[in-house]
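Everything on this sheet refers to the single structure shown next.
Convention: sequence-line order gives letters A, B, ...; per-chain numbering from 1. Since the structure is predicted, the reported quantities are computational estimates derived from the model, not experimental observations.
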There are 2 protein chains.
Amino acid sequence: MADSHQTGSAAPLAERLRARGLRLTTQRQRVLAAVAALDHATPEAIGARLREEAGPGGAAPDASTVYRNLELLERLGLVWHTHLGKGAPVYHAAEHPHLHVVCQGCGEIASADPALLDTAAERLATDLGFQLDVGHVALSGTCRTCRDRAGDEKP
Amino acid sequence: MADSHQTGSAAPLAERLRARGLRLTTQRQRVLAAVAALDHATPEAIGARLREEAGPGGAAPDASTVYRNLELLERLGLVWHTHLGKGAPVYHAAEHPHLHVVCQGCGEIASADPALLDTAAERLATDLGFQLDVGHVALSGTCRTCRDRAGDEKP
DNA sequence: CTCGTTGCAAAGGATTTGCACAAGT
DNA sequence: ACTTGTGCAAATCCTTTGCAACGAG
């Protein structure tokens with residue numbers, strides 16, 4: 001009894017599906033599992049992962065199914081996605097909200113404490129009435145490694 | 001006399017091109033002008049704009065040319081681009097750095113004071129050695145209007 | 001048994017790339 | 001003239017959609 005909450009993050013997929021008259025399928029469970037396991041994976045990467053897991057003879061979900069289910073899982077509040085720049089978005093389990101920090105140099109993705117933006121969020125709310133959605137934010141910049149490496153740019 | 005700076009934003013394109021042995025073409029001037037005029041425009045929108053400006057018989061640059069020049073202009077430091085979520089990136093003149101704030105509901109793009117992230121930038125630098133690139137950051141969330149409108153979601 | 005789901009294949013939109021010709025210096 | 005830029009068309013990449021067969025409740 002700690003589950004009758006609203007945004008209960010532990011609701012095991014099945015319940016959320018039931019509540020909407022939707023069905024619990026193998027594919028859905030797999031996609032969700034893959035998202036949780038990979039963290040920060042693109043739909044394509046998730047598909048690849050599932051293909052691996054399925055092995056040679058195994059049946060992995062089709063790309064379209066992956067897309068459809070990612071969308072559904074997001075509506076169910078079980079996963080989130082973020083656009084980290086050009087190309088495909090990345091998905092992660094919705095459990096622990098965190099900021100995404102992406103290095104433009106190497107593409108590395110780091111997570112950061114959402115509290116980092118508390119001040120900014122407050123000011124946005126006050127000044128513009130804008131409610132910041134921390135889970136979807138992606139901060140870009142340069143990581144230490146790439147920063148050092150950048151010393152050899154100009155000839 | 002305020003121009004012999006390094007990141008001089010006023011350097012009229014021509015100079016920057018010269019400095020690299022590149023050529024000043026009509027298309028380049030047009031693309032840059034369109035970016036400045038539209039602010040927050042996608043490559044497609046920029047192309048459309050140029051087509052309008054050119055009129056029926058006029059010759060507007062091909063889409064590929066727009067892309068190529070946007071990339072070039074960015075390398076020259078004259079424009080910046082940001083990914084505001086799914087889909088096309090938006091470009092704006094590099095002159096005045098600003099944050100982008102995007103409403104997930106209506107797609108509206110607002111600009112905010114870069115200083116908003118000063119605290120966060122500092123902490124990222126200290127904690128992770130990560131240099132935040134404020135010009136490329138896009139903050140997503142919900143604007144006041146869409147927030148109010150959201151009251152009618154559940155049936 | 002009845003509908004939600006899935007796989008397949010084809011459609012689409014947004015970029016990118018190869019090339020021969022046009023244009024800037 | 002020499003080299004860079006551009007248009008065009010084809011190629012990619014990522015995602016979405018239509019439809020008939022499949023499977024969960």
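Inspection of the R30(B) and T26(B) side chains reveals no N or O donor paired with an N or O acceptor under 3.5 Å. Between the side chains of T119(B) and R123(B), no donor-acceptor pair of N or O atoms lies under 3.5 Å.
Here the P atom of nucleotide dT16(C) and the CD atom of E44(B) are 13 Å apart, to the nearest Å. When the P atom of dT5(C) is taken as reference, atom CG of L76(A) falls 10 Å away, rounded to whole Å. Distance NE2 (H81(B)) to P (dA14(C)): 17 Å, rounded to an integer number of Å. The nearest whole Å value for the distance from the CZ atom in R20(A) to the C1' atom in dA24(D) is 19 Å. In this structure, the CZ atom of R75(A) is 13 Å from the C1' atom of dT5(C), given to the nearest Å. Here dG5(D) presents its P atom at 11 Å from CG of L13(B), a figure rounded to the nearest Å. For the pair E71(B) CD and dT16(C) P, the interatomic distance rounds to 7 Å; values are reported in whole Å. Atoms CZ (R51(A)) and C1' (dG7(C)) sit 13 Å apart, rounded to a whole Å.
Classification of the H81(A)-Y91(A) ring pair by plane angle, with boundaries at 30° and 60°, yields tilted.
You won't find any donor-acceptor pair under 3.5 Å spanning the side chain of R68(A) and the base of dG4(C), going by distance alone. Counting atom types as modelled, T42(A) pairs no side-chain N or O with a base atom of dC14(D) as donor and acceptor under 3.5 Å.
Under 4.0 angstrom from either OP1 or OP2 of dG7(C) there lies at least one side-chain N or O belonging to Q27(A). Proximity of Y67(B) to the phosphate of dT15(C): a side-chain N or O atom is located under 4.0 Å from OP1 or OP2. One finds a side-chain N or O of T65(B) lying less than 4.0 angstrom from the OP1 or OP2 phosphate oxygen of dG7(D). Phosphate proximity of dG5(D) to R28(B): present, with a side-chain N or O under 4.0 Å from OP1 or OP2. Within the structure, a side-chain polar atom (N or O) of K86(B) is placed less than 4.0 Å from OP1 or OP2 of dT16(D). OP1 or OP2 of dT6(C) sits under 4.0 Å from a side-chain N or O of T25(A).
One finds the CG atom of D39(A) at 7.0 Å from the NE2 atom of H92(A) (value rounded to the nearest 0.5 Å).
Proximity note for P89(B) (side chain, C-beta onward) versus dT6(C), dT15(C), dG5(D): the nearest is dT15(C). Comparing dT15(C), dT16(D), dT6(D) by their nearest atom to the side chain of A88(B) picks out dT15(C).
Judged purely by atom type and a 3.5 angstrom limit, R28(A) uses its side chain to pair as donor or acceptor with the backbone of R23(A).
Both R23(B) and N69(B) sit near DNA chain D, but only R23(B) has its closest nucleotide nearer the 5' end. Toward the 5′ end of DNA chain C lies the nearest nucleotide of L22(A), the other residue of the pair L22(A) and D62(B) mapping further downstream. Nearer the 5' end of DNA chain D, as judged by each residue's closest nucleotide, is the contact made by G21(B), out of G21(B) and A63(B).
Under the 4.5 Å side-chain heavy-atom criterion for grouping Ile, Leu, Val, Met, Phe, Trp and Tyr, L50(A) is connected to L73(A) within one hydrophobic cluster.
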